[in-house]
Amino acid sequence: MPPQTRRMAFPKVVIERDTDSEQSSSEEEEEEEELEEPEVLVESENEEKVEEAKKKGKAPITISLKKVCKVCKKPGHEAGFKGATYIDCPMKPCFLCKMPGHTTVTCPHRVATEYGVIPATHKNTRNALGYVFKRQIRPRIPPIKPAYVIPDQVSCAVIRYHSRRVTCLEFHPTNNNILLSGDKKGQLGVWDFRKVYEKVVYGNVHSCILNNMKFSPASDGTVYAASSDGTVSSTDVETGIALSLMNLNPDGWRGPSTWRMLYGMDINAEKGAVLVADNFGFLYLVDTRSNDRTGKPILIHKKGSKVVGLHCNPVQPDLLLSCGNDHFARIWDIRRIEAGSSIYDLAHSRVVNSAYFSPVSGSKILTTSQDNRLCIWDSIFGNMNSPSREIVHSHDFNRYLTPFRAEWDPKDSSESLAVIGRYISENYNGAALHPIDFIDISTGQLVAEIMDPNITTISPVNKLHPRDDVLASGSSRSLFIWRPKEKSEPVEQKDEGKIVVCGRDEKKRRHRKFGGESDDSDDDKSIRKGKRFKSQSKSHSKSSLSVKVRR
DNA sequence: AGGGGATGGCACC
DNA sequence: TGGTGCCCCTCCCC
């Protein structure tokens, strides 16, 4: 027998007399008992039935085949897509919340995000340091939460801009219309989304995955990037001229056990240092003046495990937050940092994709873990043994996709709004779409889920603009700029002015309608390319509105 | 239009 | 602790 792929393993033909193919095999067998006629067994797979037929001494007629679950290989149920809805194998724990006893379809967390919320416990932060910190910070945080402005409409896009999937995004620190994007190939895109056709891709910066980038606090024309090629680069955004600050693989490829890849990166402006971390658990410091490594690598996560994220506290830059594949996020004081010297270790049940301090006070931490949970850790001086809140959210997937990372809204002074792409699809007016979620982490509620019928791919990379009501998202190889509906351009631009299509089909697609309301056939086609639901959903929008907002 | 490949985590020995 | 095989709700290309 040739090795079976998943598709081949899917049950083949079922021809049953008087029975629905959906019925379980036990029912099939019962029915067979009642049959008087001799049977013919066409599918030889069903050995039980062959044996049975031999015993009875008659040739079976029934063309029959047990439907076998492709996940657990057991009969009686099936897993896989029914239209665009994926049916879980009931033998496995829920794909969404990871608890046994139910599947994603009936998971309480699927109905509304707020059910997944574990309420915040009151925390006593009685130590003096915590008190002082709170006194310093509290005046900055207004007691009343501002009304959220959600960028819910695609205002422009570059389709197939990168040749491989997008891995990170960064807005220019001073020019409001410049978006930088990195991809799996190591290329760096610079796009002016006001003049939509003004875009470049620099291919000389890195040779593989551009994992993280950050603008230089000293010069807003310079961006630093960390890559799986083991180098840290400093690139001039205008010219694309790149400088390599550190190379961890000077001897080239000597196999996977020696090849070092850089993932987490941040900049400590006070120290004038770029902090980077590799796939073996080590942290490196690079001086931005000498463009040279300072000190020795420091083991900050389990030896041999990937450190995927680094973040310096916005208020106290010496506080460093790291996260990685050893299932921990850790807090450090970089003035005295050495292996094992972490201030706190925040435990998760699986890999931690990201960990970020809150943008204004730096007193909260938001982590995204592969266990399908967002965790909020309230005070860096409080009890860090458990998160103050856990929010169940579908983002458990890593292979083939850029890991999902929940990010703070840098404009939200109340430090409660976060954005993250969703993995599982939902039925939106008959189309299977993967929305981008806005979550109020102070209540755990889903504030908004945004989607566009033309975007059928998953959007794991999302970045909120530091000053404007703009969201940039990376979905597969394409980039999208979202703005609030009410703030859409008063004069509708022509489509070709808003959407740039790169790659082979450029001419064909150039005049295609994109986004907004549309009932023309072209639009329909693009939806059909994605998965479709058999019947239209009642639970989601009836209009062509591309956003659902819960307040 | 359907198969295949790249690819990361983790359980298991 | 390293190797191996399995997971399997993607995306893109041929």
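So you know, we letter chains A, B, ... as the sequences are listed, proteins then strands, and number each from 1.
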Quick one: [X] [atom1] to [N] [atom2], roughly how many Å, whole number?
X	N	atom1	atom2	answer
A:H434	C:dT10	NE2	C1'	8 Å
A:Y423	C:dC8	OH	P	11 Å
A:I209	B:dG8	CD1	C1'	10 Å
A:Y161	C:dC11	OH	C1'	20 Å
A:L401	C:dC8	CG	P	16 Å
A:D396	C:dC7	CG	P	15 Å
A:W259	B:dG8	CH2	P	14 Å
A:F397	C:dC7	CZ	C1'	9 Å

Contact nearer the 5' end of DNA chain C, comparing A:S478 with A:K92: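 So the residue in question is A:K92.
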DNA chain C: 5'-proximal contact among A:S475 and A:D88 (nearest heavy atom): A:D88
Sugar-phosphate, base or nothing in reach of A:R350, heavy atoms under 4.0 Å: sugar-phosphate
Touch class at under 4.0 angstrom, heavy-atom based, for A:S394 against every strand present: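 Answer is nothing: A:S394 stays at 4.0 Å or more from every strand.
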Electrostatic pair A:D326-A:K306, nearest N-O below 4.0 angstrom: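 Result for this pair is no, no salt bridge flagged.
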Within 6.0 angstrom of A:K98 NZ, more than 12 heavy atoms from elsewhere: yes
Step-by-step side-chain hydrogen bond (donor to acceptor under 3.5 Å, both in side chains) determination, A:S459 to A:H434: CA-CA 7 Å; A:S459 307; A:H434 307 265; over 6 Å; no
Check the phosphate of [N] against [X], side-chain N and O only, distance under 4.0 Å to OP1 or OP2. Yes or no?
X	N	value
A:R399	B:dC10	no
A:N398	B:dT7	no
A:K184	C:dC11	no
A:H327	B:dG9	no

Output field: ring centroids A:H311/A:F357 closer than 6.0 Å: yes
Minimum-distance nucleotide to A:Y400 side chain [options: C:dC11, B:dG8, B:dT7]: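 That would be B:dT7.
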G-U wobble or Watson-Crick pairing nucleotide for C:dC14 (cut-off 3.5 Å, both distances): B:dG2
Residue pair A:I300 / A:F282, side-chain heavy-atom distance below 4.5 Å: no
